[in-house]
Amino acid sequence: MDFNRKFIKLRKKFICFIIHFRTTKIMKFTIRLFIIICLLMTSQSFFAQETSVPSEKAIQEAKTAEEHQNKINKEQKKIEKHQREVNNAEKSIKKTQKKIEKQKAANQKTDSQIASSKNSEEEIQKLKIKSTKQKLEIDKLELKLLQQKKELDEIRASF
């Protein structure tokens, strides 16, 4: 702003110097026309370069929009975290179900070996103990499965 004022004063001095300088009438007319054109070209209204200052209302709206966006981002992160928890719980349930199926298949194999009379009494006794351990393991896995399903239900209910 200060620079513009100095420039305008310098321009006025230059104009006065040229006008008072001894020249012919045609030269004076040409110089005056040139100066007027220069003044028009350097004025802000000629180029329509009005600078707009953001108003208080616009600043406030921008702040509220930013706050709103931050809240949306936080909510989105919460939703994504909840979704990950649900997915992890579902994966663990599937793993436990596969373990149960595998254990049941192994137990059926053991039971079929017990049913076949090719084995000795001692081996049949060992197979019965093994079958009982497998049934106990199946029961443990089923209990674990129930707990995982309960946790999954709690996770889904918490949101």
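Note: Ser112 OG to Lys109 NZ = 8.0 Å, rounded to the nearest 0.5 Å. To the nearest 0.5 Å, atom CD of residue Glu151 and atom CG of residue Leu146 are 11.5 Å apart. A distance of 10.0 Å separates CG in Asn87 from CG in Leu152, rounded to the nearest 0.5 Å. The CD1 atom of Ile93 sits 6.0 Å away from atom CD of Gln148, with the distance rounded to the nearest 0.5 Å. Between the CD atom in Gln125 and the OG atom in Ser120 there is a gap of 10.5 Å [rounded to 0.5 Å].
Qualifying side chain to side chain contact (heavy atoms under 4.5 Å, CB included) partners for Lys57, counting only residues two or more places apart in sequence or in other chains: Ser55, Glu61. Residues passing the salt bridge (Lys or Arg N to Asp or Glu O under 4.0 Å) test with Glu122 are Lys126, sequence neighbours excluded.
The salt bridge (Lys or Arg N to Asp or Glu O under 4.0 Å) contacts involving residues 68-80 comprise Glu75-Lys78, where partners must be two or more places apart or lie in separate chains. Residue pairs satisfying the ring-ring contact (aromatic ring centres under 6.0 Å, His included) criterion with at least one member in residues 135-158, sequence neighbours excluded, are absent. Sorted by first and then second residue, the salt bridge (Lys or Arg N to Asp or Glu O under 4.0 Å) pairs with a member in residues 81-91 read Glu90-Arg156; sequence neighbours excluded. Among pairs with a residue in residues 127-155, none fulfils ring-ring contact (aromatic ring centres under 6.0 Å, His included), at least two apart in sequence or across chains. Applying the ring-ring contact (aromatic ring centres under 6.0 Å, His included) test to residues at least two apart or on different chains, the pairs with a partner in residues 60-87 are His82-Phe159.
Put simply, the side chain of Asn73 reaches to within 4.5 Å of the side chain of Gln76, judged on heavy atoms.
Partner of Leu145 under the side-chain contact (heavy atoms from CB on, under 4.5 Å) criterion, out of Gln97, Lys150, Lys95: Gln97 alone.
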Quiz: residues 98-105 side-chain donor-acceptor pairs under 3.5 angstrom, not counting sequence neighbours:
none

Pair up each side-chain donor or acceptor in residues 129-137 with any protein partner under 3.5 Å, not counting sequence neighbours, and list the distances.
{"from": "Ser131", "atom 1": "OG", "to": "Asn107", "atom 2": "OD1", "distance (Å)": "3.0"}
{"from": "Ser131", "atom 1": "OG", "to": "Asp111", "atom 2": "OD1", "distance (Å)": "3.0"}
{"from": "Thr132", "atom 1": "OG1", "to": "Lys128", "atom 2": "O", "distance (Å)": "2.7"}
{"from": "Gln134", "atom 1": "OE1", "to": "Asn107", "atom 2": "N", "distance (Å)": "3.4"}
{"from": "Gln134", "atom 1": "OE1", "to": "Thr110", "atom 2": "OG1", "distance (Å)": "3.1"}

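In the hydrophobic clustering of this structure, Ile138 does not group with Leu127; members are Ile, Leu, Val, Met, Phe, Trp, Tyr whose side-chain heavy atoms approach within less than 4.5 Å, directly or through other members.
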